2 protein chains.
Amino acid sequence: MQALFSHIQKIYPISPEAESALGEICKELSFTKNQTIQEIGHTCKTIYFVSKGVVRIYYYKDAIDITESFEFENAFVARAESLFTGKPSQKAIQAIEDTNLIAIDSNKLFKLFDEHHDLERLFRKIIETSYVTTVNRIESLQFHTAEERYNALIKEAPDVLKRVPLKFIASYLGITQVSLSRIRAQK
Amino acid sequence: MQALFSHIQKIYPISPEAESALGEICKELSFTKNQTIQEIGHTCKTIYFVSKGVVRIYYYKDAIDITESFEFENAFVARAESLFTGKPSQKAIQAIEDTNLIAIDSNKLFKLFDEHHDLERLFRKIIETSYVTTVNRIESLQFHTAEERYNALIKEAPDVLKRVPLKFIASYLGITQVSLSRIRAQK
DNA sequence: CTTAAAATTTATCATATGATAAATAATCAC
DNA sequence: GTGATTATTTATCATATGATAAATTTTAAG
């Protein structure tokens with residue numbers, strides 16, 4: 001739990017009361033490598049914080065497994081398109097390594113926002129940051145070649161190569177695994 | 001100004017006090033077709049609401065003009081990657097038609113959040129919605145063909161074709177104008 | 001360890017899209 | 001309205017990436 005609180009501290013420090021209220025609606029969970037954390041078709045009512053390990057969000061397009069995103073230690077994970085709309089998600093969350101998560105009950109969290117203005121501000125800032133990240137990713141997918149995207153990824157997050165299988169990285173970059181292999185070979 | 005208030009009403013109704021405080025930090029602006037609303041290199045300190053017309057956000061990649069997004073009536077526009085980070089934006093905002101905007105001073109808005117919790121909640125929800133939109137757009141760019149993306153666009157927003165030049169639509173879809181022309185021809 | 005399963009690479013061929021240039025159509029300025 | 005500018009389409013050729021299959025390497029299970 002402490003990992004979450006120190007992470008929060010860096011984003012927007014909240015009052016001890018808010019922190020304690022937040023602690024009340026959190027659960028610590030463990031998953032083994034490859035284990036499914038949340039299934040496709042499930043409506044997302046949890047915001048996870050990764051305290052140890054790596055997870056990915058994925059979905060199927062024409063029966064092909066596509067990785068939408070990875071998250072490592074000290075990052076939040078949620079299927080936004082379900083969490084913020086209340087609709088069932090077409091995406092799943094899976095542990096890529098043995099992973100420890102802190103699960104925040106989103107309905108309880110949203111209720112806490114009424115009492116704890118600072119908690120709402122914190123999560124507003126978290127969403128803002130996630131939003132900026134996705135806007136930048138659109139730019140990358142819109143007009144960069146697969147090779148440029150691969151190079152950018154290993155520059156920004158060299159850990160990914162060590163901890164995430166290439167088949168997941170390929171679909172994350174919007175290409176097939178074979179194509180990624182080809183790009184890696186020509187160096 | 002009324003267009004903004006009625007739009008807000010549908011998202012998250014705010015108190016009359018909050019509405020009046022918001023009104024105080026807004027300005028109504030008009031731009032003619034093709035006019036630049038905000039320049040590249042400028043740090044974004046404004047959230048716009050489109051009350052009439054269409055605007056686009058664009059940037060240059062290798063001297064080629066790329067449209068990141070369009071916004072029509074009753075939508076908010078801001079260069080998130082600058083607004084939320086305080087860094088100068090590499091993107092510009094331009095009117096595609098004669099356009100009326102309501103400009104919200106973001107620094108003043110963020111200060112109002114301290115007094116008006118409901119205003120912060122409103123904007124949290126607006127950001128959440130924008131975030132969901134961009135996440136869905138990543139999915140579209142990640143593994144759909146150019147033709148699928150074009151078909152999805154005209155299905156979801158048929159107005160775009162009538163009001164936005166094809167050269168802007170092409171780069172928005174992540175393809176060249178010539179390629180878009182080819183896709184349109186094969187029908 | 002040994003074997004099976006999974007991940008990654010390599011090879012071949014097909015195709016969608018890019019780059020460039022030119023033709024045509026639409027829009028704008030006077 | 002007329003000519004100039006801009007937008008769109010068409011054509012040709014080049015290339016990056018996809019699809020498929022097979023070989024190789026790595027990982028996992030017993």
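Keep in mind that this is a model prediction, so the values were computed, not measured.
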Query - Side-chain N,O (B:K33) to OP1/OP2 (C:dC28) below 4.0 Å - result: yes

Query raised in the report: Between atom CD in B:E148 and atom C1' in C:dA16, what is the gap in whole Å?
Result: 12 Å

Requested in this report: Look at atom CD of A:E39 and say whether more than 12 heavy atoms of other residues, nucleotides or ligands are closer to it than 6.0 Å.
Outcome: no

Query raised in the report: Counting heavy atoms not belonging to A:K52, are there more than 12 under 6.0 Å from its NZ?
Result: yes

**Report entry** Nearest-Å distance for atom pair CG/C1', residues A:D62 and D:dA19
**Finding:** 13 Å

Report task. Take atom CD of B:E148 as the centre, draw a 6.0 Å sphere, and report whether it contains more than 12 heavy atoms from other residues, nucleotides or ligands. Result -> yes

Query raised in the report: Is the NZ or CZ atom of A:R124 both under 6.0 Å from the centre of the six-membered ring of A:F113 and within 45° of that ring's axis?
Result: no

Requested in this report: Round to the nearest Å and state the distance from B:D65 atom CG to D:dA7 atom C1'.
Outcome: 14 Å

Requested in this report: Starting at atom CG of A:L141, determine the distance to atom C1' of D:dT17, rounded to an integer number of angstrom.
Outcome: 15 Å

**Report entry** Contact list for DNA chain C against residues 158-177 of chain B - heavy-atom distance below 4.0 Å
**Finding:** B:G174, B:I175, B:T176

Requested in this report: Check the distance between D:dA29's C1' and A:N34's CG and give it to me in whole angstrom.
Outcome: 14 Å

Query raised in the report: DNA chain C: A:V178 or B:H144, which has the more 5' nearest nucleotide?
Result: A:V178

Query raised in the report: Nearest of C:dT12, D:dT12, D:dT8 to any side-chain atom of A:R182?
Result: C:dT12

Query raised in the report: In whole angstroms, how far is the P atom of C:dG18 from the CG atom of B:L180?
Result: 10 Å

Query raised in the report: Does OP1 or OP2 of C:dT9 have a side-chain N or O of A:R184 closer than 4.0 Å?
Result: yes

Query raised in the report: Within the structure shown, what part of the strands sits under 4.0 Å from B:S181 by heavy-atom distance: base, sugar-phosphate, or nothing?
Result: base

Query raised in the report: Taking CD1 from A:I64 and C1' from D:dT17, how many angstroms apart are they, rounded to a whole number?
Result: 14 Å

Requested in this report: Could you tell me if the ring centre of A:F70 sits under 6.0 Å from that of A:F168?
Outcome: no

Requested in this report: Assess whether atom NZ of B:K61 is packed by more than 12 heavy atoms of other residues, nucleotides or ligands within 6.0 Å.
Outcome: yes

**Report entry** Whole-Å gap separating P (C:dT15) and CD (B:Q186)
**Finding:** 14 Å

Query raised in the report: Looking at B:T145, B:L161, B:I175, which hits side chain to side chain contact (heavy atoms under 4.5 Å, CB included) with B:Y150?
Result: B:L161

